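To start, the structure itself, in structure tokens.
Predicted model, so just to flag it, every value in this text is computed and none were measured. First the proteins, then the strands, lettered A, B, ... as listed; each starts at 1.
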2 protein chains.
Amino acid sequence: MPRTLLERPDAVRALAGVFRRRGFESSSLSVIQQEAGIGRGSLYHFFPNGKKDMARAVLDQVRAWFEDEVFAPLRAATDAVEAVSAMTKAVADYFVSRENVCLFAAMTLGEEKETFADEVKAYFVDWVDALAALLQRGGLTLEDAHENALDAVAGIQGGLILTRAYGDESTFLGITGRVERRLLARLS
Amino acid sequence: MPRTLLERPDAVRALAGVFRRRGFESSSLSVIQQEAGIGRGSLYHFFPNGKKDMARAVLDQVRAWFEDEVFAPLRAATDAVEAVSAMTKAVADYFVSRENVCLFAAMTLGEEKETFADEVKAYFVDWVDALAALLQRGGLTLEDAHENALDAVAGIQGGLILTRAYGDESTFLGITGRVERRLLARLS
DNA sequence: CAGATCCTGTACTTTTTGGTACAGGTTGAA
DNA sequence: TTCAACCTGTACCAAAAAGTACAGGATCTG
């Protein structure tokens with residue numbers, strides 16, 4: 001039988017693509033097989049508990065990316081202005097190259113809502129808190145920093161929705177640009 | 001055979017509730033039957049083409065509500081400050097009483113994405129354009145008005161996501177409150 | 001009260017679903 | 001070269017899915 005030298009991370013990546021394109025609930029095993037190019041045997045080899053395992057693996061991978069490329073830099077930064085710019089650039093590039101879909105946001109809808117509620121909450125809390133702490137270091141009060149961080153993340157997420165609705169991606173880039181500008185304006 | 005005097009608008013309302021709670025894709029006919037209290041016979045009587053018809057009917061009803069309660073008042077308003085406040089109040093009340101879910105936003109994800117792309121786009125375009133026109137009447141430039149309208153709608157939509165993720169609804173109210181404040185600040 | 005229309009439950013068919021079993025090829029280490 | 005661990009396709013299964021058919025009760029018109 002053929003062998004494709006498939007590593008688990010590759011499988012997870014392919015799965016993420018399918019979930020972003022079709023949504024988690026409506027990605028049936030047959031669709032996944034076909035679109036990700038992974039046979040049923042391999043799927044259950046890598047993810048013994050089926051779709052639930054697949055979703056968890058995909059979410060973990062996304063989270064790891066954000067942890068490394070967004071949250072950690074935000075926490076480590078000393079220059080708030082530079083860190084805010086770096087964050088918006090990283091995030092904008094990420095979502096534009098991934099169908100303008102945030103899988104964590106998608107997980108706040110649908111059947112599995114409850115199953116992943118903790119992971120989803122942790123993702124957003126980490127993001128908002130890391131940004132808020134940075135803004136605080138940049139001179140904002142605790143409350144002001146937290147509100148501005150929430151508004152920024154909400155703006156980005158809403159930007160993804162509008163961009164998908166409009167069917168372009170300039171809408172998203174425009175909105176994230178202004179989110180960044182608003183943040184920078186608060187850093188005197 | 002029993003008779004429940006079910007009118008179509010009632011059925012649509014019940015359907016909307018199910019779709020908001022479980023998501024469109026994972027609402028099977030049996031789930032709908034059970035949760036909406038509508039038998040299979042009635043379902044196919046009112047919606048001959050199955051789930052697709054149901055989704056369209058629900059979307060139409062939501063759209064009609066926004067048209068009457070949000071878009072039209074926005075277009076008719078002469079007092080921009082008052083109209084902005086009325087909009088945020090109406091929208092906040094609406095989503096809080098409906099599981100913090102925007103069905104049009106949900107439709108930018110998943111399998112039926114393409115099927116309803118036009119309706120979804122029209123909903124957001126109408127909202128953004130009505131608000132932008134109002135802001136322009138309030139003294140903003142064309143471009144400035146459009147950008148602020150986009151940012152406001154994005155903020156509201158992102159607020160819904162964050163509120164669902166956080167599992168409270170004060171997050172949403174806080175975000176919409178600041179969206180309103182930011183809009184009012186632009187109206188000199 | 002007669003008759004047409006409308007609404008609804010039940011039972012049914014067909015297709016698709018997620019999940020299992022497993023044989024057999026591939027690979028890497030000894 | 002041998003052997004175990006690993007990966008993968010195929011065939012299969014039970015359950016659940018969407019959708020159909022239809023009889024018959026409810027309702028309204030006149």
Q | Partner of A:Arg56 under side-chain hydrogen bond (donor to acceptor under 3.5 Å, both in side chains), chosen from A:Glu112, A:Glu119, A:Gln61 | A | A:Glu119

Provide, to the nearest angstrom, the distance between the [atom1] atom belonging to [X] and the [atom2] atom belonging to [N].
X       : N      : atom1 : atom2 : value
B:Ile32 : C:dT8  : CD1   : P     : 16 Å
A:Leu43 : D:dT10 : CG    : P     : 14 Å
A:Ile38 : C:dG18 : CD1   : C1'   : 16 Å
A:Gln33 : D:dT10 : CD    : C1'   : 10 Å
B:Leu29 : C:dA11 : CG    : C1'   : 15 Å
A:Tyr44 : D:dA11 : OH    : P     : 18 Å
B:Asp53 : D:dT20 : CG    : C1'   : 15 Å
A:Arg8  : D:dA5  : CZ    : P     : 20 Å

Q.
At 4.0 Å (heavy atoms only), tell me whether A:Ser27 reaches a base, stays on the sugar-phosphate, or touches nothing.
A. sugar-phosphate

Q. Do any side-chain nitrogens or oxygens of B:Ser30 fall under 4.0 Å of OP1 or OP2 in D:dA17?
A. yes

Q) Does B:His45 put a side-chain nitrogen or oxygen below 4.0 Å from OP1 or OP2 of C:dT8? A) no

For the side chain of [X], counting heavy atoms from C-beta on, which of [options] is nearest?
X       : options                : result
A:Arg40 : D:dT20, D:dC6, C:dG19  : C:dG19
A:Phe46 : D:dA18, D:dT8, C:dG18  : D:dT8
A:Ser28 : D:dA17, D:dA18, C:dG18 : C:dG18

Q.
I'd like to know if the side chain of B:Arg164 and the backbone of B:Asn100 have a donor-acceptor N/O pair within less than 3.5 Å.
A. yes

Q: Among B:Trp65, B:Phe66, B:Phe116, find the residue that satisfies the ring-ring contact (aromatic ring centres under 6.0 Å, His included) test when tested with B:Tyr123.
A: B:Phe66

Q) Run the side-chain contact (heavy atoms from CB on, under 4.5 Å) check on B:Leu184 and B:Val81 step by step: do they pass? A) CA-CA 6 Å; B:Leu184 294 178; B:Val81 168; 3.8 Å; yes

Q: Identify, with sequence neighbours excluded, every residue that meets side-chain contact (heavy atoms from CB on, under 4.5 Å) alongside B:Ala165.
A: A:Thr108, A:Val120, A:Phe124

